[in-house]
Structures are given as structure tokens and as C-alpha cells.
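A quick write-up on the structure given underneath.
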Amino acid sequence: MCGIVGYVGGRPALGIVLEGLRRLEYRGYDSAGVAVVAADELLTEKRAGKLAILEKALAEGDIAGIAEGTSGIGHTRWATHGGPTDRNAHPHLARDSRVAVIHNGIIENFAKLRAQLEADGVEFTSETDTECVAHLLAREMVTDGAQGLADAMRRVCRLLEGAFTLLAVSADAPGAVVGARRNSPLVVGRGVGENFLASDVSAFIEHTREAVELGQDQVVLITADGIEITDFDGEPATGRDFHIDWDASAAEKGGYDYFMLKEIAEQPQALADTLLGRLKENGDIVLDEVRLSDQDLRDVDKIFIVACGTSYHSGMAAKYAIEHWTRIPCEVELASEFRYRDPVLDRSTLVVAISQSGETMDTLMALRHAKDQKARVLAICNTNGSTIPRESDAVLYTHAGPEIAVASTKAFLTQLVACYLVGLHLAQVRGIKYADEVAAVVEQLQRMPGKVREVLETMEPVRELARSLADAKSVLFIGRHVGYPVALEGALKLKELAYMHAEGFAAGELKHGPIALIDEGCPVVCVVPSPAGRGVLHDKIVSNIQEVRARGARTIVIAEEGDTAVEPYADHLVRVPRTPTLLAPLVTTVPLQVLACEIAATRGHDVDQPRNLAKSVTVE
Ligand code: F6R
């Protein structure tokens, strides 16, 4: 959710922190703030609104010395406790403004802590849970200096419940930034004569590609020359060192107006990268980290896919292939619902957790519930070093590169491919598919980047159509089989980007209620399966298209090249290349991404940062 940056070194901290925040702004953007230690003084500024508003305030305020300080922290917020106001923006201060704290997550026992502090005479100036951490730190900082601040942080963390990444600086501990984490991400960037802290590596990728991922319940003290990690009790601890294999340009817009446009365009490459090296010469599929034996996988008798939002849709679409290839029952569940309904899980259940960020709290909690019940957990994730893969028994990374736009696009397509690979791997170890059968599917998958490229090359009419739909009251999406989750995904994209009423339906369900929504001119996007795959399926949806058209709908039909049966019923026809039925979502989703992006842009919305949303949802 919130974006967090810290810097200590020989250079002015403010510019580096602001630049880091700019790269993290996708995480949250309803307020922003910085604190810099300069000449034994703590200098801060914070503002509700996007980062640009903070930058303007800094330029106008011209706070003496702030541009020279060489250690500092910065924050972009996605509000949880307390609305997005200047007062609730981070950093929060205490000790006569000599200690500053920023926070991502939720302190669950904050009401109790606040009441205790108020009883001791502390006056609060905000409605946030974070402010109590600032006051606690001030109280626990019994000695000055970097170690005094780190000791105080450890003592405070022992009092906190919930999820948090915290960073603190103090005018009484110059040249140091202290961080802590529980259930929320924090990485260290290892520089030369300087070090960094951030919620994700994109904040410091410009300065270093060497990183250390902090473990659960750890505190880190960074100075210009050192990184010291302990647990909350002060015992020495280690993080996990890793090298970042993409560079700063991957996190830039690269000439596109929006990150989302760039990320849509990157999909062929992202698919190719995710597939790279997955098939060994002997025909075995390669996952990334496997702490499960083949026997464990042979014992699997039930699969649950848990995920949220777009990642959930990728699981829904992949289920068809996984069940077909493995013959193992596969359920797809919203992670936020999973653990509350007491699912039946045991050692022979495989839970597949799909998450682009690897930090989504709902998915993480579902995963932990599954592990508590002794189920095996396999993560499909795009973020190396994040919590979900770390806590899983096996991992398959989607090599989509950084996804900055809040609306997920390339992550979705690569998640689908990753799910297919997991399905093939399971089918293989269980002896259901021969190596040549697996290789044949992998070969089909390897053709998909080219097919997605073909779709992208023909999107101009879709953009034109989108502009004509910008004033529609509502847009409906229908599909059957793997086209149903694609319809849901198309509707989600439109809701989150264009703020329009949009709904996805299984086409067969229309007659059970939703068809009443159709009135004259209502746009209905119809995702049509290949006529070559399941003839019955194809015929059924052609009937559904006729049904909505008979009631006045304006039909936008996504259909395979050569599918002439749909032509008479399509007010607008969007062609996609011929593709095996189970893999079709890889091509049919793309026009829907373009459609939503263009409608949103036409309506004047910020496509990369839709209102009320954040990229990484680290609260339940
Ligand atoms: C929608 C979108 C969200 C995410 C969801 C899960 O475009 O991006 O619905 O898919 O919040 O996020 P991850 O995949 O990071 O767990």
C-alpha cells in the first residue's frame, strides 16, 4: 500500500527520497511527506494529495537546510486510519519534533496504545494509528545516537500488533535510518558509502541493484557504511541478499503516456520471459524454487487457487486447463473469503497462491491458513523477495518485470502462463502426460507472444471504438468457459479505470436475470470461444449474442479469425488470432485492456493511478 523510502549517505537525501517516492507513488497517492536530518535538526514537510503537491510545497516553503541533509525518509500514503489530510499524512513526529516515523500497514492495537499514551498526557495531532508509534519511540529512546534509536525501535515493535513496515529518523541520531517489518515488505539497497531502505526495489534501482530482503520481525539500522540487522529482541539476524535483474529504465514510461500503455505493449516480451528456460531437454518443466518432492506432488488430490482481483481472474481462467491436464479437482477462491469458510485442507491439498506483488495481505493470510492446515503451498508471483513466495513451499516467478500501473495487465497474462506451467508440471510428475505431450503444449505456449503481438498491432479500431463508448452509462461483458473469467476481467478493468458501471457474466446466466439490464444501445462485449474447440460452446454463445442484440444491445464481439458465424450479429468485430481453446484468454483479454485504458483516458482519468486504489494491498 503506502510507499516508503529511506536514505543515508554522502549525498543530499531530499532529492533521492523524492525520486524514490515518485517511483513508488503507484503504491498509494493520497498524501506524501518527507523528513530530513540536517545539522542535528529534523526538517519535515507533508501534504495531502499527490507527490507533486508536496514537491510544490517544498519549493515554496524553501525550508532552510532541508536540501543539504544527508539522511532522510519519505512516504506516499494510501489512507487506512484517518482521511487523506495534511495532518494525517506521514511522517508523524514526537519528542518535540526530534523523532519522525513513517509507516505502511495497520497497527491493530493502536486504540489501546493511544489510550495509554493519552492517559500519560501525550497529545495526538492526527487520527492515524502511526502517530502512536512516534510517541512510543520518543518514550523508548533512552539514549541518543543510532543505537539508541534502533534499541527504541526494537522495544516499540515488541508492543505492536498487526502489520507494519516502519522507518524512523531522529535529530538525536544523525546519519542513521532505522527500519522494522512485520507482515509488510521492506528491502535494503546496498550502496557504496550509502544505503537505502524501501518498500520495493524500484525506489533505489537507479542507485544500486544489490538488495537485502528483511525477514519477518526484523529491525535494520542503516548508516552510510553499515547495515545492521537484528530481531525484535536485539539478537543478530540476517536478511536474504539478492541481485535485481532489471534496471531503472524498466521502471520508466519509455515514451508512453501511461505506464499501463507501456505494460500492455510489453506483454509479448513478458510472456516470452516467463516461458524462457522452462522446458528441460528431457521434457521436464522447471519451476523456480521447489521445496516439495515429486512424491508430494503425486499425492495432491485437490487444488485450491487463492488470489484477489485480476490475479483471481487468472486463476479462474487457468482452472480449465489445470483440471483438464491433471484430472485433479481445482477450486478457485477469493483469498479474502478463503479462510473464513473453514475450507477442507490437508497434506494432499495443493494451494496455489497467485499474486503480482507478493504482498497482498488477503492472499498471504489465505496462504498462512493453508499452511496451518498442513496443505502444500505453491506461489505464482512477480516480485522476487516478497513475502508470499518466501512463505511458500514452491515458487514460480512470472518474469513480467516491474508493473507500475495500478491496473494489472502483463502480470495477468504471465500469471496465466505460469498456471499453465504448473498444470503441466503436475500432469508430468503424476504421469498423466508424456513428455512429448507436455512439449507440444509448451510449443503452443511459445507461439503466444507472437499472437499477442499480432493482437496489439491491430488495436487502433478498438481505440476508436473506445472513444465512442466513453459516454456509455454501463458496459456489460459476457463469455463462456475460459471466456467467462475474461469477461469478468474486462469489466474489472473498466470499473477501476473509467469508473463506469461494468459487469461480467457467464453468458448462460443472462437469461436468469442480468438480461433485464439490456436496453437500447447498451454496449455488450462478447468473448467468443474458438469454433474449432468446442462447437457446442461456440454455438451457444452465438445464440446469447443474438438474444442481447434482439433486446437492443450494441454488440462488440471478440472472435477468432475465420469465425464467420458471428459476423451477422456483431456491431463491432474484434479479431484475434486462432488459438487453442484453453490458451485463448492470452489473446482475448488484450483488446479488453486496451478498451478500458482508452475509455478511461477519453474520460480524462489518470489511467495509472485510479482513485481510491493502490497497487499493493497490504491490509485485509
Ligand atoms: C486490478 C488489480 C488488482 C490486483 C489485486 C491482487 O487491475 O491489479 O485487482 O490484481 O489487488 O494483487 P496481487 O496480484 O499483487 O496480489
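All heavy atoms count here, side chains included; hydrogens, waters and symmetry mates do not. Order of appearance sets the numbers: ligands from 1, and atoms from 1 within every ligand.
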Closest non-hydrogen protein atom to [atom], residue and atom name please, with distance?
{"atom": "atom 7 (O) of ligand 1", "answer": "Glu496 OE2, 2.5 Å"}
{"atom": "atom 4 (C) of ligand 1", "answer": "Thr310 N, 4.0 Å"}
{"atom": "atom 13 (P) of ligand 1", "answer": "Thr360 OG1, 3.2 Å"}
{"atom": "atom 6 (C) of ligand 1", "answer": "Cys308 O, 3.4 Å"}
{"atom": "atom 15 (O) of ligand 1", "answer": "Ser357 OG, 2.6 Å"}
{"atom": "atom 11 (O) of ligand 1", "answer": "Val617 CG2, 4.1 Å"}

| query | Roughly how far, to the nearest 0.5 Å, is CG of Leu416 from CG of Leu583? | reply |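 Here the rounded value is 9.0 Å.
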
| How many angstroms lie between atom CG of Leu476 and atom OG1 of Thr555, to the nearest 0.5 angstrom? | 12.5 Å

Polar contact flag, side-chain donor to acceptor under 3.5 angstrom, [X]-[Y]:
{"X": "Thr274", "Y": "Thr414", "value": "no"}
{"X": "Gln216", "Y": "Glu391", "value": "no"}
{"X": "Thr387", "Y": "Glu359", "value": "yes"}

Which ligand 1 atoms does [X] reach within 4.0 Å, using its non-hydrogen atoms?
{"X": "Ser355", "answer": "13 (P), 14 (O), 15 (O), 16 (O)"}
{"X": "Ser311", "answer": "10 (O), 13 (P), 14 (O)"}
{"X": "Lys493", "answer": "1 (C), 7 (O)"}
{"X": "Gln356", "answer": "13 (P), 14 (O), 15 (O), 16 (O)"}
{"X": "Gly309", "answer": "9 (O)"}

| query | In this structure, are over 12 heavy atoms from other groups packed under 6.0 Å from Asp372 atom CG? | reply |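 Atom CG in Asp372 is packed in, count exceeds 12.
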
For [Y], is there an ion pair with [X] - N to carboxylate O distance below 4.0 angstrom?
{"X": "Arg339", "Y": "Asp362", "value": "no"}
{"X": "Arg291", "Y": "Asp393", "value": "no"}
{"X": "Lys262", "Y": "Glu266", "value": "yes"}

| Polar-atom distance check: Thr363 versus ligand 1, any N or O pair below 3.5 Å? | no

| request: Kindly confirm or rule out an N or O of Val406 lying under 3.5 angstrom from an N or O of ligand 1. | output: yes

| message | When you measure from the heavy atoms of Glu359 to every atom of ligand 1, does any distance fall below 4.0 Å? | response |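 Not so, Glu359 does not reach ligand 1.
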
